[in-house]
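Read the structure below first, then the notes.
Computation of the quantities below employed the complete heavy-atom set of this structure, encompassing side-chain atoms and omitting hydrogens, waters and symmetry-equivalent molecules.
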Amino acid sequence: MKDKIVVFTGAGVSAESGLKTFRDMGGLWHRHRLEDVASPQGWQRDPATVLRFYNERRAAVLAARPNAAHRAIARLEEKYEVVVITQNIDDLHERAGSSRVVHVHGEILKARSTALPERIYPLKGPAIELGDRCERGSQLRPDVVWFGEAVRHMDESEMHFSTASKVLAIGTSLSVYPAAGLVAYAPFSAERWFVSPEPQEIPRGYRFLEGTATAVVPPLVEQWLA
Ligand code: NAD
């Protein structure tokens with residue numbers, strides 16, 4: 001049986017693909033608080049602005065390419081059972097070749113019915129507009145988890161963390177709960193690494209690897225595959 005590696009990623013793993021992190025987005029969207037464009041209340045107040053925000057993000061995702069860190073993570077499957085648990089809503093892990101990706105905060109390339117949340121539709125183009133409806137007539141919204149909404153696949157993710165022999169956490173400020181709390185489910189026996197370009201408080205039991213994802217992850221993966 002192969003050893004299991006859980007790779008837990010946040011916005012930082014996609015930063016070098018040109019996608020902005022949460023904090024950078026706050027800068028860009030200074031006219032709107034992130035809570036306003038990423039909450040059910042914001043959607044009720046001003047759905048056009050929310051759709052525009054995600055349409056711009058989606059266009060950026062479609063234009064972006066996986067970077068060396070995404071690709072190295074995919075290569076781990078040559079030797080290990082790998083589960084990527086990501087807070088990201090982009091599809092860069094999938095495009096890099098990872099076969100098992102759990103999106104706890106949803107996926108920007110999918111749309112969801114506002115009235116029937118189980119109705120989820122893949123999107124080919126960059127936009128959802130006001131008036132785009134599901135076949136039952138309800139407005140479509142991005143299939144992403146907003147503040148105050150239930151995070152996806154938590155039980156499954158806890159199980160993967162608790163059965164991992166290695167955990168590699170990359171590019172997350174660990175400020176968005178409950179997803180951030182998953183890192184604590186790794187067993188003490190697991191080798192646990194935390195990658196970030198700037199010193200930050202890291203979870204107990206994790207070893208800190210300072211550097212950007214593309215600088216630090218590929219050599220670590222080479223070592224693990226050797
Ligand atoms: P965050 O923006 O709060 O934190 C990003 C972290 O990445 C920081 O710790 C930063 O130091 C680090 N970082 C920056 N550049 C890096 C690099 N080159 N290599 C490695 N690390 C780097 O992001 P978060 O913790 O993921 O939480 C924010 C929420 O925003 C998440 O829920 C996520 O869904 C959402 N988000 C997603 C995307 C995306 O899908 N690409 C982008 C932005 C935000």
Side-chain angles (χ1 to χ4, degrees), residues 9-67 70 84-96 98 101-154 156-157 171-180:
T9 61
V13 79
S14 296
E16 290 163 274
S17 291
L19 300 181
K20 293 181 189 313
T21 62
F22 214 35
R23 196 187 311 164
D24 292 338
M25 270 199 282
L28 180 69
W29 279 79
H30 57 275
R31 284 170 298 138
H32 310 283
R33 293 184 312 140
L34 273 168
E35 291 78 359
D36 288 338
V37 288
S39 70
Q41 296 77 11
W43 173 252
Q44 291 301 329
R45 270 196 302 270
D46 187 355
T49 296
V50 173
L51 288 178
R52 188 157 50 92
F53 174 77
Y54 285 99
N55 288 345
E56 289 190 10
R57 304 271 72 75
R58 193 177 300 104
V61 166
L62 289 169
R65 293 190 173 186
N67 63 44
H70 296 106
V84 177
I85 299 175
T86 187
Q87 299 166 88
N88 292 346
I89 55 179
D90 66 53
D91 67 340
L92 296 181
H93 286 300
E94 287 91 337
R95 278 197 265 151
S98 285
V101 185
V102 179
H103 285 271
V104 292
H105 288 158
E107 294 173 71
I108 197 167
L109 295 180
K110 293 182 179 167
R112 165 151 56 105
S113 163
T114 37
L116 303 157
E118 69 284 0
R119 286 182 187 250
I120 293 169
Y121 307 87
L123 284 171
K124 293 197 183 71
I128 305 175
E129 306 292 355
L130 274 185
D132 289 349
R133 299 178 189 283
C134 75
E135 69 267 25
R136 297 280 194 86
S138 299
Q139 173 66 42
L140 294 177
R141 57 163 275 185
D143 186 31
V144 300
V145 174
W146 288 331
F147 290 106
E149 294 186 323
V151 173
R152 314 263 176 88
H153 312 297
M154 284 300 279
E156 181 192 345
S157 299
T172 172
S173 61
L174 296 180
S175 56
V176 181
Y177 278 81

Audit row: Val61, Arg95, side-chain contact (heavy atoms from CB on, under 4.5 Å) steps and yes/no
CA-CA 11 Å; Val61 166; Arg95 278 197 265 151; 4.2 Å; yes
I'd like to know whether His105 forms a side-chain contact (heavy atoms from CB on, under 4.5 Å) with Val151, so could you lay out the CA-CA distance, the side-chain angles of the two residues, the decisive distance to 0.1 Å, and finally the verdict.
CA-CA 6 Å; His105 288 158; Val151 173; 4.1 Å; yes
Please step through side-chain contact (heavy atoms from CB on, under 4.5 Å) for the pair Leu109 and Leu62, ending with a clear verdict.
CA-CA 9 Å; Leu109 295 180; Leu62 289 169; 3.8 Å; yes
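Remark: the Arg58 side chain and the Asn55 side chain contain an N/O donor-acceptor pair separated by less than 3.5 Å.
For Gln44, there are no side-chain hydrogen bond (donor to acceptor under 3.5 Å, both in side chains) partners at least two apart in sequence or on another chain.
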Quiz: residues 137-145 side-chain donor-acceptor pairs under 3.5 angstrom, not counting sequence neighbours:
residue, atom, partner, partner atom, Å
Gln139, OE1, Gly131, N, 2.7
Gln139, NE2, Glu129, O, 3.1
Gln139, NE2, Asp132, O, 3.4
Arg141, NH1, Glu149, OE2, 2.9
Arg141, NH2, Val144, O, 2.7
Arg141, NH2, Glu149, OE1, 3.1
Asp143, OD1, Arg112, NE, 2.7
Asp143, OD1, Arg152, NH2, 2.8

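When all heavy atoms are compared, the tightest approach of Ser113 to Tyr121 is N-CE1, 4.4 Å. Taking each heavy atom of Thr86 and His103 in turn, the nearest pair found is CG2-ND1, 3.4 Å. The nearest pair of heavy atoms linking Gly10 to Thr172 is CA-CB, 4.0 Å. For the pair Ser14 and Leu92, the tightest heavy-atom approach, listed with the atom from each and the gap, is OG-CD1, 3.8 Å. Ile128 and Ala111 make their closest contact through CD1-CB, 3.7 Å (heavy atoms, listed as atom of the first residue, atom of the second, distance).
A donor-acceptor pair under 3.5 Å is formed between the side chain of Asn67 and the backbone N or O of Val13. Here the side chain of Ser17 pairs no donor or acceptor atom with the backbone of Leu19 at under 3.5 angstrom. Proximity of a side-chain donor or acceptor of Asp46 to a complementary backbone N or O of Thr49 within less than 3.5 Å is detected. Of the possible polar contacts, none joining the His93 side chain to the His70 backbone as a donor-acceptor pair under 3.5 Å is found.
The 12-atom threshold is not exceeded at CZ of Arg65, counting heavy atoms of other residues, nucleotides or ligands nearer than 6.0 Å.
Taking the ring centre of Phe53 as origin, the terminal cationic atom of Arg57 falls inside the region bounded by 6.0 Å and 45° from the ring axis.
The distance from the CD atom of Gln87 to the OG atom of Ser173 is 7.5 Å, given to the nearest 0.5 Å. In this structure, Gln41 CD and Trp146 CH2 are separated by 10.0 Å, a value rounded to the nearest 0.5 Å.
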